[in-house]
Amino acid sequence: MTARPRKIFVTCALPYANGSIHIGHLLEAIQTDIWVRFQKVRGHDCLYLCADDAHGTPIMLSADQQGITPEQLIERIHAEHERDYAGFEVGFDNFHTTHSDENREVAEAIYARLDAAGHIKRRTITQFYDPVKQMFLPDRFIRGECPFCHAQDQYGDSCESCNRTYTPTDLVNPVSSISGATPVEKESEHYFFDLPAFETVLHDWVGAGHLQPEVANKLEEWFSAGLKEWDISRDAPYFGFEIPGAPGKYFYVWVDAPMGYFASLKNLLDRQGRDVAEYTGAGSDAEMYHFIGKDIMYFHTLFWPALLQGSGHRLPSNVFVHGFLTVDGKKMSKSRGTFINARTYLDHLDPEYLRYYFAAKSGSGVDDIDLNLEDFRQRVNADLVGKVVNVASRCAGFINKRFGGTLAAHIHDEALLQEFTGAGEAIAAAYEAREYARAVREIMALADKANQYIDRHKPWEIAREDPGSGELQQVCSLGLNLFRILVIYLKPVLPGLAQRSEEFLGISPQTWDDQATPLLDHRINKFKPLLTRVEKERIEAMIEDSKESLGAGDAAGTGAGDDAAEGAGAGDAGGTTAGAGDAGGATAGAGDAGAATAGAGDAGGATAGAGDAGGATAGAGDADNAGASQTGADAINKHLADDPISAEVSFDDFVKIDLRVATIARAEYVDGADKLLQLTLDLDGETRNVFAGIKSAYRPEDLVGRQTVMVANLAPRKMRFGVSEGMVLAAGPGGEEIFIVTPDTGAKPGMRVK
RNA sequence: GGCUAUGUAGCUCAGUCGGUUAGAGCGCAGCAUUCAUAAUGCUGAUGUCGGUGGUUCAAGUCCACCCAUAGCCA
């Protein structure tokens, strides 16, 4: 059945290195993993590659906000991503990063060939520029009034309210969402990739007929609309690779993101002393597949193949596009607790439940997939525990107790066994075609047959009448053999269950073809529950936890360092930060439709999540445009949006900050300072001189005698007007909106705040 | 706004080229059973196939429009 081993290279979309992995990402990673594991168990040479998408404006700003370098940020996220994928048994052969030497090499090599072939054009364009932050603004970082419907606070590229698209310069009263400044138009030379030159090649590639029909339809629409040149450069400051020979110009994140597939492969093959060209070269005999979400088709079916063609590489064998994930019929939502991070899930539930459920609902189309939590529980319990594992459970006892754990040497019902082994090819065909739901349906139909068989022969009755009966041994032995076949068929989906079952049966790791060889006169081990039921309470607890991770931010404020565990929370709620939303949407996050309008806006910046469920798709990482409509935005308020919650800190870090109640003993203007007031703070005897930037909101005479809270152990800082020995706590965006913190009545100067 | 998809029992889905009475699993009801992680087996009820109109001897299936949902508009 398994003829000549195929040589296959598979990728899933790269998660953006700006936030945590969530169940949307996992839908894609698991669908891909199932396909890869299927190929491997069938004996093919299949490599599964992924990487973090680590470049772009959102990451740069996010790191900036957290007070760390982009390198530090992406390193931290990389470790978290790797751990979370592994937790779901996603078996990457390599998980690399686009911010790597390999990727720089790949990007520069491809660019050099494109440029030499005349596929790169240079042109000066006008763009919005933030005069305060001194940087060009991606569309998603500009907000203003929609030129069509006049909804307030819309993104620079499209309106959440009326859904129309436009350019940032069309906005009424545009504002930079980074600094709040009014952006100015400024010229800059940009580099463009000549996509239209590849129309014929791309059209042929699409016409070859291997793409999904829905995808081909969408591409036809794009072709008829006409391909346009693609702006592939961004001006400094930008976190990415500088374009060779173009100081201050960087590759747009979407240029080097798909190249990360090659870089990850190269990183792996270099270690094995092999040449990446055997997979990527124009004459490669390997198959190459990309699994992606439907939101990033343009990049993978047009830009990427064109870049490959133009630089003398092979084209993808296919691009498998999937839909998005919804939870209980709606986009993932933080307020509903359905924006579930990978880590939060793992804190409560077995990853194989989710793998099975996703498999049971995945087809080869681009339809969205709904995680219906009640259906999830019932389905997993009924199918896996009630049907599959139950087959082993109801046979094992007899074999172990009555026959010393030894299986019969004879097949009790040859025809039934034949039926099971004979189903293998149809199931394999379903896996191969990514029709996992069909594969699962057929496997479960077999499981029903196994249970019916046991029911028909009633081993418990034979045992009562004739405890040592050969028939009893044969019936239960066949039951276990049927179970073994079911588990082999499920192995791509449930590697963990397969491994535990192999241990129970006392057999080596099984391949697909092993299903044809029954276990006869074979010694098995004691049976232990292989999989436990999904408890309703566990699901509820997970949802609760997901809700909490949104609030994690405030918690931090109140000093609750407790649930440090929810790193995840930090990740998305705050962590994701600014750009994320926009950007990336790319990565997706979930947005809560409801909140969309208002929230969306804000979300923009913030948060995270904006995006949609689909995040699944991940990969993107697009700083400016791509993420566009992804925003959904959750019901996150404006302040969180404008000023996302910082990276999580440990309790130990928190207690390092010594906050004290202080009385403002003196307050006065500072000669020559626009924003500062000089305060003398009394900490019960000890006084501190502090310069506070609150002049725009307070008059000195209104402050004297008031209590506030200060950071008492901040390193003294020398300023133009003297040494400042601490900081006063205050909230607000600035200007007249600054509010100093005041303790409740009764607090005494010098008391520690904790 | 334009485009590409999706909409079938309470839930999740399958329905090929238009062709008897529209299917499965779960859930539900009844019965049986007690080997098994309250698991299993048998029987049964449940649908204006999103809506309206059209083509046809015949429409879940084809066409038009509308509604809802998702994505894309680089």
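The figures that follow rest on heavy atoms only: side chains count, while hydrogens, waters and symmetry mates do not. First the proteins, then the strands, lettered A, B, ... as listed; each starts at 1.
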A.B. asks: Tell me the partner of B/rA24, counting only Watson-Crick (N1-N3 plus N6-O4 or O6-N4) or G-U wobble (N1-O2 and O6-N3) with both under 3.5 Å; none if nothing fits.
C.D. replies: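 B/rA24 is paired with B/rU12.
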A.B. asks: Looking at B/rC62, which nucleotide sits across from it as a Watson-Crick or G-U wobble partner, both distances under 3.5 angstrom, or is there none?
C.D. replies: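 Matched B/rC62 with B/rG54 under the 3.5 Å cut-off.
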A.B. asks: Is A/R464 touching bases, backbone alone, or none of the nucleic acid, heavy atoms closer than 4.0 Å?
C.D. replies: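 Here A/R464 touches the backbone only, sparing every base.
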A.B. asks: Nearest-Å distance, CG (A/L195) to P (B/rC73)?
C.D. replies: 14 Å
A.B. asks: What's the closest nucleotide to the A/D370 side chain, out of B/rU12, B/rC26, B/rC72?
C.D. replies: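 My answer, after comparing the listed nucleotides, is B/rU12.
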A.B. asks: Kindly say whether A/D448 contributes a backbone atom to a donor-acceptor pair with the side chain of A/Y453 at under 3.5 angstrom?
C.D. replies: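 The answer is no, because no donor-acceptor pair under 3.5 Å joins these two groups.
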A.B. asks: Give A/D231 one of three labels, base, sugar-phosphate or nothing, depending on what nucleic acid heavy atoms sit under 4.0 Å from its own.
C.D. replies: nothing
A.B. asks: Whole angstrom is fine here: how far is it from CG in A/D367 over to P in B/rG71?
C.D. replies: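 To the nearest whole Å, that distance equals 14 Å.
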A.B. asks: Of all the nucleotides listed (B/rU37, B/rC26, B/rA70), which has the minimum atom distance to the side chain of A/V385?
C.D. replies: B/rU37
A.B. asks: Of the nucleotides B/rU34, B/rG41, B/rG25, which has the atom closest to the A/W460 side chain?
C.D. replies: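 The nucleotide sitting nearest to the side chain is B/rU34.
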A.B. asks: What is the distance, rounded to the nearest whole Å, between atom CD1 of A/I454 and atom C1' of B/rC42?
C.D. replies: 17 Å
A.B. asks: To the side chain of A/R441, which of B/rU37, B/rC72, B/rC13 is closest?
C.D. replies: B/rC13
A.B. asks: What does A/V215 touch in the nucleic acid at a heavy-atom separation under 4.0 angstrom: a base, only the sugar-phosphate, or nothing?
C.D. replies: nothing
A.B. asks: Using atom P in both nucleotides, what's the gap between B/rC73 and B/rA9 to the nearest angstrom?
C.D. replies: 33 Å
A.B. asks: Is any NZ, NE, NH1 or NH2 atom of the basic residue among A/E189 and A/R123 found under 4.0 Å from an Asp or Glu carboxylate oxygen of the other?
C.D. replies: no
A.B. asks: Between A/D368 and A/D370, is the side-chain contact (heavy atoms from CB on, under 4.5 Å) condition met? List the steps.
C.D. replies: CA-CA 7 Å; A/D368 291 349; A/D370 185 47; over 6 Å; no
A.B. asks: Can you see if the side chain of A/N372 gets near the phosphate of B/rU12 - specifically, an N or O under 4.0 Å from OP1 or OP2?
C.D. replies: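 Checking A/N372 against B/rU12: at least one side-chain N or O falls below 4.0 Å of OP1 or OP2.
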A.B. asks: Applying ring-ring contact (aromatic ring centres under 6.0 Å, His included) between A/F303 and each of A/Y252, A/F193, A/W230, report the one that passes.
C.D. replies: A/W230
A.B. asks: Going through the checks in order, is the side-chain hydrogen bond (donor to acceptor under 3.5 Å, both in side chains) test met by A/D383 and A/Y356?
C.D. replies: CA-CA 10 Å; A/D383 291 358; A/Y356 177 74; 2.6 Å; yes
A.B. asks: Just call it for A/G226: base, sugar-phosphate, or nothing, with non-hydrogen atoms closer than 4.0 Å on any strand.
C.D. replies: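 The answer is base, as A/G226 lies within the cut-off (heavy atoms under 4.0 Å) of a base atom.
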A.B. asks: Mind checking the C1' distance from B/rU37 to B/rC49? Whole angstroms is fine.
C.D. replies: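 Their C1' atoms lie roughly 39 Å apart.
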A.B. asks: Between B/rA39 and B/rA32, how far is it from one C1' atom to the other, in whole Å?
C.D. replies: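 One C1' to the other, the span is 15 Å.
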A.B. asks: Just to be sure I understand the rule, does A/G397 reach a base, reach only the sugar-phosphate, or reach nothing, if contact means heavy atoms closer than 4.0 Å?
C.D. replies: nothing
A.B. asks: If the P atom of B/rU61 is compared with that of B/rU16, how far apart are they to the nearest Å?
C.D. replies: 11 Å
A.B. asks: Going by the salt bridge (charged side-chain N to carboxylate O under 4.0 Å, His left out) test, name the single residue among A/K121, A/R122, A/K228 that passes it with A/D194.
C.D. replies: A/K121
A.B. asks: Which one is paired to B/rU46, where only Watson-Crick or G-U wobble pairs with both distances under 3.5 angstrom count?
C.D. replies: none
A.B. asks: Among the candidates B/rG41, B/rC72, B/rA70, find the nucleotide nearest to the side-chain atoms of A/K218.
C.D. replies: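 It is B/rC72.
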A.B. asks: I want to check one thing: is the phosphate of B/rG41, taken as OP1 and OP2, less than 4.0 Å away from some side-chain N or O of A/K458?
C.D. replies: no
A.B. asks: NZ of A/K228 versus C1' of B/rC72: gap in Å, rounded?
C.D. replies: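 For the pair A/K228 NZ and B/rC72 C1', the rounded distance is 13 Å.
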A.B. asks: Suppose you measure atom C1' in B/rG47 against the same atom in B/rC28; what distance do you get, rounded to whole Å?
C.D. replies: 16 Å
A.B. asks: Base, sugar-phosphate, or nothing: which does A/N390 touch, judged by heavy atoms less than 4.0 Å apart?
C.D. replies: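 Counting heavy atoms under 4.0 Å across all strands, the contact made by A/N390 includes a base.
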A.B. asks: Taking only the C1' atom of each, what is the distance from B/rU34 to B/rU46 in whole angstrom?
C.D. replies: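 Roughly 30 Å separates the two C1' atoms.
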A.B. asks: Looking only at side-chain atoms of A/R394, point me to the closest of B/rU37, B/rU40, B/rC72.
C.D. replies: B/rU40
A.B. asks: Measure NE2/A/H322 against P/B/rC72 and give the value in whole Å, please.
C.D. replies: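 Distance, rounded to whole Å: 12 Å.
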A.B. asks: With RNA chain B as reference, determine whether A/D448 or A/A437 sits nearer its 5' end, using the nearest nucleotide of each.
C.D. replies: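 Result of the comparison: A/A437.
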A.B. asks: Nearest to the A/A382 side chain among B/rC72, B/rC26, B/rU12, which nucleotide is it?
C.D. replies: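 Of B/rC72, B/rC26, B/rU12, B/rC26 is nearest to the side chain of A/A382.
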A.B. asks: Do the side-chain N or O atoms of A/Q452 get closer than 4.0 angstrom to the phosphate oxygens (OP1, OP2) of B/rC42?
C.D. replies: yes
A.B. asks: Using both distances under 3.5 Å as the test, list the Watson-Crick or G-U wobble partner of B/rU40, or none.
C.D. replies: B/rA32
A.B. asks: Could you check whether A/R377 pairs with A/E374 (Lys NZ or Arg NE/NH1/NH2 to Asp/Glu carboxylate O, under 4.0 Å)?
C.D. replies: yes
A.B. asks: Mind checking who B/rA70 pairs with, Watson-Crick or G-U wobble, both distances under 3.5 Å?
C.D. replies: B/rU4
A.B. asks: Any side-chain N or O of A/K361 below 4.0 angstrom from OP1/OP2 of B/rC13?
C.D. replies: yes
A.B. asks: Which nucleotide, in any strand shown, forms a Watson-Crick or G-U wobble pair with B/rC17, with both distances under 3.5 Å?
C.D. replies: none
A.B. asks: Centres of the A/H322 and A/F291 rings: under 6.0 Å?
C.D. replies: no
A.B. asks: When you compare B/rA70 with B/rA24, how far apart are their P atoms, in angstrom units rounded to a whole number?
C.D. replies: 32 Å
A.B. asks: Can you tell me the distance, in whole Å, between the NZ atom of A/K331 and the C1' atom of B/rU6?
C.D. replies: 15 Å
A.B. asks: From CZ of A/R377 over to P of B/rC11, roughly how many Å is that when rounded to an integer?
C.D. replies: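 Computing the A/R377:CZ to B/rC11:P distance gives 16 Å.
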A.B. asks: How is A/L227 classified with respect to the nucleic acid when contacts are heavy atoms under 4.0 Å: base, sugar-phosphate, or nothing?
C.D. replies: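 Base contact.
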A.B. asks: Would you indicate, yes or no, if B/rA39 has its OP1 or OP2 atom less than 4.0 angstrom from a side-chain nitrogen or oxygen of A/R533?
C.D. replies: yes
A.B. asks: Give me the distance, rounded to whole Å, that separates B/rC26 from B/rA58 when you measure between the P atoms they each carry.
C.D. replies: 39 Å
A.B. asks: Relative to the ring of A/Y261, is the ring of A/H290 parallel (under 30°), tilted (30 to 60°) or perpendicular (over 60°)?
C.D. replies: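 Geometry flag for A/Y261 against A/H290: parallel rings.
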A.B. asks: Without decimals, in angstroms, what is the distance between A/K536 NZ and B/rG27 C1'?
C.D. replies: 11 Å
A.B. asks: Would you mind classifying the nucleic acid contact of A/P459 as base, sugar-phosphate or nothing, using non-hydrogen atoms under 4.0 angstrom?
C.D. replies: nothing
A.B. asks: With nearest nucleotides of RNA chain B determined for A/F303 and A/N381 from heavy-atom distances, which residue corresponds to the more 5′ nucleotide?
C.D. replies: A/N381
